[in-house]
Every structure is written in structure tokens, then in C-alpha cells.
There are 2 protein chains.
Amino acid sequence: MTTRDETRPARPAGRPRSEKAEKAIIEATLDLISESASISDLSIEAIAARAGVGKTTIYRRWSNKEDLVVDALAVLKSPLPPLAGRSVREDLITCMEVMRREAGDVRGRCVMNIAMNENDRHPRLVERVRQATLQPRQEALRAMLQRGVETGELRADLDVAIATAMVVGTVMWYVKSAGPGEAGADSGTLAERLADHILAGLSDR
Amino acid sequence: MTTRDETRPARPAGRPRSEKAEKAIIEATLDLISESASISDLSIEAIAARAGVGKTTIYRRWSNKEDLVVDALAVLKSPLPPLAGRSVREDLITCMEVMRREAGDVRGRCVMNIAMNENDRHPRLVERVRQATLQPRQEALRAMLQRGVETGELRADLDVAIATAMVVGTVMWYVKSAGPGEAGADSGTLAERLADHILAGLSDR
DNA sequence: GCGTTGCGAAACTTTGTCGTATCGAAAAAC
DNA sequence: GTTTTTCGATACGACAAAGTTTCGCAACGC
């Protein structure tokens, strides 16, 4: 037993790994993912260059590209916003505002792109992203709509799956087609206007 | 002047190019595009192998990958269905049924994927796809909704851009999240149910 | 100071793709 | 039959990226 206390981390000998390098690698990875069309288009050398880091430093931490991407995307998990629960309309606007903001963000978009396009080539990666990020949100939205049906705010014969698709699909498509820039111009009221169109429908009744 | 009449096509001497090889190349390209996450992941050698064709035969016809992809995607242009124009609801169901079918098809999906993801890397290609395929449909839908506003079938204060996003986004997201298989099970009435939710909205009024 | 480990840079091998060239065989016109 | 062009197959050089290794230096515990 040495003089050193048995503090559990049992710090290994030698120079410790640079926390700064690790952050830089993750950041560079996220940057380059959002600039790439696919994981294959992402190169470790480009990540190393962007991060100002040697390739050795990357391979010492992650054994391959997919592991690195998984860890990088994990840091994007922004927490779900608390839903006030006062009314479906209010909660819906809250949700849609979050979606609008994330869909307009380069990094938020790349999560969706990966989830939608890389299923064949990187099923494990996509599954982890789906479970960590997409599924909780989808479930929260589903529960919110279900609650609305029970309180009578929403139609009793509502198809929740269709309603979910209406909410998510409308935001995604609007932001995509209008472009993040234009969507940002009137962004303050966009979620509200989208929500009202979805709630009220298109018909003149 | 020879005995041969001066029939204009002026058929060049030598063995004519195989029409069958050309078809096989296009088919193989479409197959592989829908299996790839990006154009970069598409390799000429894989296309040649899949088509049972030498690389020479490809390069003799197209000088690079992008030209080949443009020509391949061009054959996917299915004509817009005629809209009866009797009612907005009927025309909307017609449109959504086409979208549902195309979104459930592997090849139909890849047009959307390219249009959404390859903008940075292949702007000319994306622009051509957009103009040839996406824009006419978007415009037809927009005109249909506008007509509905004028006839009074739709709300006078309708935001046509939002309505368009609702229609397209809902179909895309529903098919994507339900999976083409499940969406195919109840496909007969899906477009109708989606259309009615969109027209009527979610609220209980 | 010494041993150990991480650091960035660079060289290296391997693999995959591009685009070109070459080959013998096949298909057409004449 | 001769000529011309295309066919599929294959080999080639150039290049980019993956992943490994080496190197000299830096940072830590002892």
C-alpha cells in the first residue's frame, strides 16, 4: 500500500488524455456530418484536420468511424421541453417550436438525415439514434395527443398515428421547403400558425 | 452516290450500340441509387457489375457519374395524374394516393432523398431533378388548394404554403414512420383517411 | 530525474474507385 | 469477306481514404 489513498479512479500512469482534444474531435465530427451526405462521405482525416488533432488521437479513443459518430450524435440529445399541460394547443405549439428550431439547425437536421437514410448501411447506429433521440419525442407527442382526445379537446375518432404524422411532417416539410432562412424570418409565430392550421383543418366549415 | 437510299438517320457503320445494355445500365443505376445513401457512395464499377456490362460500355455513353444519374432519374418521371376537378377532397385524395404510392416505392423515395440531401454537393443535379419532377407536382397541388379557396371549399384565410406542407409532409412522414409494408396493408383507404384528417383538422368542434 | 503515457506529424500499407487503354469476339454495312 | 464499331473483360496509373506504425516531444506520478 502506497502513501497515495486508494481513490478509486486509479489514475493510470503517464500523461492524461486531453479533454480539449476530445471535445474538438466531437465538434469537428458534428460539423462534418452536417456537411456530408452520408457517413461514408465522412473521412477520419478530415475530422482530424478540422479538429487540429492527429489521427492517432482519434483511433486511441474510438476503434472505428461508426463508434465515433455514435458518441458524437449522443451529445446532441437536447432534453425534451416540459409541457405545461394547460391545453393541447399550447403544448402543441411548444413541441412544434422545438421541432422548427431543430429542423432549422444544421446539426439537428443531420440526425434526421441519418435516421432516414443510413438504415441499410448502419443499422446499429440508426437504432441507437432512434432510441436515444427520436423515440422519446415521438412518444411524448403521441401521449399529448392522446390526452387531448381524452379531455375532449380533440376529436374522439382521431387517428393518433395520422395526427402525429401531420404534426411532425408539416413542420419538417415547411422548414425544408421554405428554407431555414425564410422560416427564421417569421419564426416567432410560425409554430402557432402551423398548429392552428393543423388543429382547425383546411375546410371552410 | 451508292445504291443505298439517302435515308436520313445516316446509320453509322459498325456494330450498333446495344439498347439492352443501355436499359440494364439505367436499371442498375436506379437500383443502386436507392440502396446508397449518397451519390458518392455510388460506384460505376458496381453499376457495371450489376448491369452485367463492361465499364467501357458505360463511359462510351456518359462521360461521368452525374450525367448518368441525371438520365437514370429522368425515367422515373411518372406523369401527373389528371385531376377530376369535381371537388377539392376528391383531387386531394388523388394526389395523396400518388404520393403514398411513390413514397412507398424504393425508387420514388430516392428522388426525394437526393433532392433533400445532395444540394451542397451536386447543385446542378438537384436543380434538374427539382425542375423536372418535384416542381410540377408542387405547383399542381398549390393550384388545387388555391382553387379550393376560391370556390369556398377551403377557408378563405388559408395559408397555401402551410397547407401544401401539411399535405406533402403528412403523407411522407406517415409512410416513413409506418413503414412501406404497413402502409401497404391499409393502403386502399389511407389517402382518404389522411385527407379527411387534414381537411377537418384535429380539433373537436 | 525516470518511467509511462498521450500528443501531433508523418510515413506507410492496403483497399477501393475513377477514368483510360487494350484485347479478342461479335454484329452490323457494304 | 472486309471494314467498322461495339461488346465484355481485364489491366493499368492516379488518387483518396482507412487504419497502423514510428518519431520526437510534452505531461503526469513517483
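A note on names: the letters A, B, ... follow the listed sequences, proteins ahead of strands, and every chain is numbered from 1.
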Lys/Arg N to Asp/Glu carboxylate O, Glu22(B) vs Arg17(B), below 4.0 Å: no

Atom-pair distance (CD1 on Ile39(B); P on dT17(C)), nearest Å: 15 Å

Heavy-atom side-chain contact between Glu153(B) and Ser87(B) under 4.5 Å: yes

Polar side-chain contact Arg15(B)-dT5(D) base: donor and acceptor under 3.5 Å: no

Whole-Å gap separating P (dT6(D)) and CD1 (Ile58(B)): 16 Å

Gln138(B) side, atom CD; Thr133(B) side, atom OG1 - distance, nearest 0.5 Å: 12.5 Å

Presence of Arg61(A) side-chain N/O under 4.0 Å of dC7(C) phosphate oxygens OP1/OP2: yes

Per-nucleotide protein contact string for nucleotides 8-20 of chain D (B base, S sugar-phosphate only, - none; heavy atom under 4.0 Å): SB-------SSBB

Side-chain donor-acceptor contact under 3.5 Å, Glu127(B) with Gln131(B): yes

Heavy-atom side-chain proximity of Asp31(B) to Ile47(B) below 4.5 angstrom: no

Whole-Å distance separating the CD1 atom of Ile25(A) from the C1' atom of dG8(C): 11 Å

Nucleotide dC7(C), atom P - distance to NZ of Lys20(A) in whole Å: 11 Å

Test applied, salt bridge (Lys or Arg N to Asp or Glu O under 4.0 Å); reference residue, Glu102(B); option that passes from Arg109(B), Arg107(B), Arg137(B): Arg137(B)

